[in-house]
Amino acid sequence: MVTFAYVVWLAALHAMACGPDGDEIHRLLLGMAPAAGAIALLLRVTRPFREIHAMLSWLAVPLALLLLFGLRNTWNVFAKVNLGGESICSAADPATWQQLWAPAQILAMLVIIIIVISVWRDARRPADADVPPQ
């Protein structure tokens with residue numbers, strides 16, 4: 001759920017304007033990025049439970065679609081802050097955390113993508129593939 005919340009907010013970032021505090025949603029997403037990646041690692045714990053593992057693998061389909069929108073929004077912030085030299089919500093110089101924002105989001109998304117692909121591959125493997133030959 002945390003991973004999905006992170007990806008949904010990242011995908012909807014373009015529709016959220018800078019609020020009264022300015023870039024609070026970006027600060028929230030910066031904090032959620034490592035948490036979402038770490039919690040996604042818990043999907044590997046379901047591997048011994050093949051039925052649960054297979055059910056969870058189907059959640060990768062909407063997650064993959066949302067990640068595409070998240071990648072687009074991350075690129076827009078990267079272009080504005082890292083390439084354009086502007087702050088996220090103003091024309092001022094960006095703070096250091098704003099310059100680290102897009103690379104941190106890309107890293108978190110890569111971790112999630114790698115984990116989801118590995119879960120999907122494990123769920124598609126035959127049940128007898130885990131049994132060592134005798």
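Within the 3.5 Å criterion, the main-chain N or O of Ile88 finds a donor-acceptor partner in the side chain of Lys80.
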Indicate every side-chain donor-acceptor pair of residues 99-112 with a distance under 3.5 Å to a residue at least two apart or in another chain.
residue: Trp101; atom: NE1; partner: His26; partner atom: O; Å: 2.8
residue: Gln105; atom: OE1; partner: Tyr6; partner atom: OH; Å: 2.5
residue: Gln105; atom: NE2; partner: Leu29; partner atom: O; Å: 3.4

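Atom-to-atom distance recorded for Thr74:OG1 and Leu67:CG is 9.5 Å, nearest 0.5 angstrom. Distance CG/Leu30 to CD1/Ile25: 11.5 Å, rounded to 0.5 Å.
Applying the ring-ring contact (aromatic ring centres under 6.0 Å, His included) definition to pairs two or more places apart or across chains, those involving residues 73-94 are Trp75-Phe78.
Under the 4.5 Å side-chain contact rule for hydrophobic residues, Val7 and Phe69 do not share a cluster. One hydrophobic cluster, built from ILVMFWY side chains closer than 4.5 Å, cannot hold both Ile114 and Leu65; they sit in different ones.
By the 4.5 Å heavy-atom criterion applied to side chains, Val77 and Leu13 are counted as neighbours. In this structure the side chain of Asn76 reaches within 4.5 angstrom of the side chain of Asn73, judged on heavy atoms. Between Leu28 and Glu24, every side-chain heavy-atom pair lies at or beyond the 4.5 Å cut-off.
Here the closest non-hydrogen pair linking Met32 and Trp9 is SD-CZ3, 3.4 Å.
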